Amino acid sequence: MRYSEMHLPTAREIPSDAEVTSHQLMIRAGMIRKLTSGIYSYLPLGYRVIRKVEQIVREEMNRAGAQEVHLPMVQPVELWQESGRWIHYGKELLRFRDRHEREYCLGPTHEEVITDLIRNDIKTYRQLPRNLYQIQTKFRDEVRPRFGVMRCREFGMKDAYSYDADEAGAEKSYEKMFVAYNNIFNRCGLKFRPVEADSGSIGGKYSHEFMVMADSGEDAIVFCEKCAYAANLEKAEIGEPEKKNIAEKDWLSLESVHTPDACTIEEVSAFLKVKPQDIVKTLIYNADGKSCAVLIRGDQDVNEIKVKNYLGTAELELADEGMILKVTDAPRGFAGAVKINTRVIADYSVMNMINFVTGANKQDYHFKNVNIGRDFNVEAFIDLRVAQENDSCPRCGGKIKFARGIEVGHVFKLGTKYSKAMKAAFLDKDGQEKIMIMGCYGIGIGRTVAACIEQNFDENGIIWPMPLAPYQVIITPVNINEEEVMKASESIYASMLACGIEVILDDRDERAGVKFKDADLIGIPIRITVGQKNLAQGNIELKIRKTAENRLYPLQKIVEEVKALIDQELNPAA
RNA sequence: CGGGGCGUAGCGCAGCUUGGUAGCGCGCCUGCUUUGGGAGCAGGAUGUCGCAGGUUCAAAUCCUGCCGCCCCGACCA
């Protein structure tokens with residue numbers, strides 16, 4: 001394409017409302033424009049990159065045996081009532097009515113629609129397994145859209161759904177997707193890692209998130225220094241510590257102390273001159289309307305997802321003043337497990353503590369020398385805390401480290417959550433009607449593009465890896481008014497087009513500096529510079545965006561050199 | 001939803017405290033010169049100052065309400 005004819009509005013200045021690098025660069029490079037909060041238009045350059053990702057996704061999904069479909073974005077209320085999500089999905093689901101006052105929503109995901117499709121057309125085990133996918137626009141009414149296309153409301157997503165006759169089959173389907181996802185993100189040239197994830201309210205046995213490593217990532221992930229264990233922080237397990245023998249003779253006698261206005265761990269620890277590690281924090285939770293006390297060591301934080309999973313509740317939040325008063329007989333800040341009026345669960349961190357401090361369930365009082373077994377009992381010791389750096393690995397005992405990532409893909413083993421609710425059944429070999437077992441698999445297309453930029457940029461702009469580059473080459477005639485220069489440029493351009501290279505000819509009547517800056521900003525991997533001096537020697541200059549490496553080639557050789565370079569970048573293994 | 005900030009030319013911003021003919025840089029248009037890392041000179045175009053109401057002789061500026069956008073938090077298949 002000739003630059004002079006391209007719709008490629010680049011900007012020198014950083015837009016004031018863009019915070020993260022990828023967002024700033026996507027706007028400056030003329031890839032996207034914001035229409036309104038969380039809703040973006042893709043311009044030609046941006047859309048080309050989107051299509052590159054989509055193509056890689058398509059090829060790998062097809063290779064894994066999935067088949068592409070295209071499902072409606074507007075979905076009727078009935079399906080969502082059937083699955084139960086009309087109530088449970090919450091405000092992220094954008095709902096509206098048509099002229100007949102019938103209710104609909106914009107699809108944030110497609111389990112309902114696809115399960116409806118499948119249940120109507122699949123009757124026998126002979127038709128299983130199936131894996132159908134689509135690449136489509138989703139809408140989720142995010143509370144707070146941010147970071148450009150990274151967390152927006154309208155976005156492109158590849159979503160796949162597998163249906164199997166039995167557990168073993170479902171397992172296999174999951175494995176296939178896991179492999180396909182690794183292939184996809186490898187081909188995109190991304191540094192990523194799959195991590196274990198919480199399967200959340202969608203249910204299901206287990207799930208993995210594919211995280212692109214980036215300091216700007218929204219997700220905290222943990223990984224083991226020694227083994228392959230990696231998990232989302234909210235999922236990161238903590239192994240059960242060894243139970244120490246606590247000698248009852250070491251128990252000191254329980255003591256009530258006056259601690260006026262000392263509510264927080266910091267205040268209590270400062271007031272009583274004890275370490276936070278010697279205090280047991282007692283948090284009162286409201287779990288679906290019922291109270292529950294969670295005990296944890298003072299220097300640790302509760303991982304509410306773990307509490308939620310243990311209790312098996314739909315909703316979990318810290319109790320309000322009223323519930324705390326009911327449970328502890330005291331205002332907030334003085335809760336303790338001694339004579340508390342609710343069930344009590346404790347994190348492993350509390351298991352081996354002796355003579356610790358807790359609230360006394362009385363305003364302005366705490367207990368010292370509290371001991372489990374004598375002063376109160378707990379229902380269970382379980383893993384309830386947020387993992388910390390240098391914790392020991394739950395698999396091998398090695399050290400846990402932290403990193404940040406951007407979630408670009410997610411694979412879920414769904415089980416029968418939707419197929420059961422929506423009666424997606426089939427007739428098995430034995431003539432019995434059985435429920436299909438599902439998996440679902442998502443990839444954020446736009447987010448993958450943004451994540452790629454987060455990993456590949458410098459002070460001059462984007463640095464596309466070859467597989468995602470909107471164009472592979474940009475030809476820069478230093479001065480279009482010099483006849484020889486233009487003649488050579490045109491001829492290289494024509495040859496490149498002829499052998500299928502994706503190339504821009506920067507035929508604008510701009511000074512060289514302007515063209516170089518734009519080429520760098522939009523991140524084209526290979527720049528061909530045609531200038532009078534080198535041309536006089538019969539030479540053409542090739543510059544690699546990523547390394548800033550400069551090479552000279554004879555005019556006759558340049559196209560084949562470029563072609564070879566591109567092929568090598570696209571198939572690094574070969 | 002709680003807290004904070006912002007809204008003035010396409011983009012980035014000043015002006016607002018103390019009301020009095022709307023400015024700067026970049027970009028854009030014309031001409032000349034220049035031509036290997038965002039050129040120089042000269043000339044030029046572009047604004048319902050987010051919207052609505054109020055105070056005032058007079059409002060970008062003061063007051064009230066609304067809308068939008070961004071950040072932090074809460075939330076997040």
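What you see below is based on every heavy atom in this structure, not just the backbone, and it leaves out hydrogens, waters and symmetry mates. All chains are named by letter (A, B, ...) in the order of the sequence lines, taking the proteins before the strands, and each is independently numbered beginning at 1. Here the structure is a predicted model, which means the values were calculated and not measured.
The CD1 atom of A/I475 sits 17 Å away from the C1' atom of B/G36 (whole-angstrom rounding). Atom CD in A/E218 sits roughly 10 Å away from atom P in B/C71 (whole-Å rounding). Between the CG atom of A/N534 and the P atom of B/G36 there is a distance of 12 Å, given to the nearest Å. Between A/D301 atom CG and B/A74 atom C1' the separation is 16 Å, expressed in whole Å. Following rounding to the nearest Å, A/R545 (CZ) and B/G37 (P) show an atom-to-atom distance of 16 Å. Distance A/L316 CG to B/C75 P: 10 Å, rounded to the nearest Å. A straight line from CG of A/D506 to C1' of B/G37 spans 13 Å, rounded to a whole angstrom. Atom P of nucleotide B/G36 and atom CG of A/D518 are separated by 17 Å, given to the nearest angstrom.
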(Q) Under the criterion side-chain hydrogen bond (donor to acceptor under 3.5 Å, both in side chains), I'd like the reasoning laid out for A/Y163 against A/S173: C-alpha separation, chi angles, the key distance, then a yes or no. (A) CA-CA 8 Å; A/Y163 293 82; A/S173 296; over 6 Å; no
Q: With salt bridge (charged side-chain N to carboxylate O under 4.0 Å, His left out) as the test, would you mind laying out the steps for A/K306 and A/D347 before giving the verdict?
A: CA-CA 10 Å; A/K306 291 178 178 176; A/D347 179 63; over 6 Å; no
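The same atom, C1', is picked in B/C71 and in B/U64; the two are 26 Å apart, to the nearest Å. Remark: the separation of the P atoms in B/C51 and B/U56 is 23 Å, to the nearest Å. B/G47 and B/A9: their C1' atoms are spaced 5 Å apart (whole Å). If you take atom C1' in B/G40 and the same atom in B/G4, they sit 45 Å apart, rounded to whole Å. Nucleotides B/U46 and B/G3 place their C1' atoms 39 Å apart, quoted to the nearest Å. The separation of B/U48 from B/G44, taken at their P atoms, amounts to 22 Å, rounded to a whole angstrom. The gap from the P atom of B/G5 to that of B/A14 amounts to 15 Å, rounded to the nearest Å. The gap from the C1' atom of B/G12 to that of B/U55 amounts to 34 Å, rounded to the nearest Å.
Remark: A/K91 is not in phosphate contact with B/C76, judged by side-chain N or O atoms under 4.0 Å from OP1 or OP2. OP1 or OP2 of B/G68 has not a single side-chain nitrogen or oxygen of A/T36 nearer than 4.0 Å. Residue A/R144 places at least one side-chain N or O closer than 4.0 Å to OP1 or OP2 of B/C72.
Within 4.0 Å (heavy atoms only), A/N460 reaches no atom of the nucleic acid at all. Residue A/K515 is out of contact with every strand shown, counting any heavy-atom pair closer than 4.0 Å. Base contact: A/R28 has a heavy atom under 4.0 Å from a base atom. At the heavy-atom level, A/S37 lies under 4.0 Å from the strands shown only through sugar-phosphate atoms.
A/F210 has its ring centre less than 6.0 Å from the ring centre of A/F178.
Contact annotation: side chain of A/K543 to base of B/G37, donor-acceptor pair present below 3.5 Å. The base of B/G37 sits within donor-acceptor range of the side chain of A/R527, with an N or O pair under 3.5 Å.
One N or O on the side chain of A/H110 and one on the backbone of A/P72 form a donor-acceptor pair closer than 3.5 Å. A donor-acceptor distance shorter than 3.5 angstrom exists from the side chain of A/E321 to the backbone of A/R332, with no hydrogens or angles considered. A donor-acceptor pair is defined here as one N or O able to donate and one able to accept, closer than 3.5 Å; such a pair exists between the side chain of A/Y181 and the backbone of A/G442. Using a distance-only test at 3.5 Å, with no hydrogens or angles considered, a donor-acceptor pair links the side chain of A/K515 to the main chain of A/P477. In this structure, the side chain of A/D383 does not engage the main chain of A/E237 through any donor-acceptor pair within 3.5 Å.
Across all strands shown, B/G7 pairs with B/C67; the Watson-Crick or G-U wobble distances both stay below 3.5 Å. The base-pairing partner of B/A14, taking Watson-Crick or G-U wobble contacts with both distances under 3.5 Å, does not exist among the strands shown. Base pairing of B/C32 is made with B/G40, judged by Watson-Crick or G-U wobble geometry with both donor-acceptor distances under 3.5 Å. Using the Watson-Crick or G-U wobble rule with both distances under 3.5 Å, B/U21 pairs with nothing in any strand shown. Across all strands shown, B/C72 is found opposite B/G2 as a Watson-Crick or G-U wobble partner, with both distances under 3.5 Å. Shown here, B/U46 forms no base pair; nothing in the strands shown gives a Watson-Crick or G-U wobble contact with both key distances under 3.5 Å.
Residues meeting the salt bridge (charged side-chain N to carboxylate O under 4.0 Å, His left out) test with A/E112, sequence neighbours left out: A/R85.
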Q: Between protein and nucleotides 30-35 of chain B, map the contacts as a letter string: B base, S sugar-phosphate only, - none, heavy atoms under 4.0 Å, written 5' to 3'.
A: ----BB
Q) Which nucleotides of nucleotides 3-15 of chain B have their base under 4.0 Å from a protein heavy atom (B), which only their sugar-phosphate (S), and which neither (-), written as one string 5' to 3'? A) --------BSS--
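Mapping A/P145 and A/F516 onto RNA chain B via the closest heavy atom, the residue that lands nearer the 5' end is A/F516. Each of A/R508 and A/G442 was matched to the nucleotide of RNA chain B holding its nearest heavy atom; the match closer to the 5' end belongs to A/R508.
Among the nucleotides B/A74, B/G36, B/C71, the one closest to any side-chain atom of A/T529 is B/G36.
A donor-acceptor contact under 3.5 angstrom links the side chains of A/S162 and A/Y441, judged on distance only.
Cation-pi geometry between A/R447 and A/F155 is not met at under 6.0 angstrom from the ring centre and within 45 degrees of the axis.
Distance check: A/N131 CG to A/D164 CG gives 8.5 Å after rounding to the nearest 0.5 Å.
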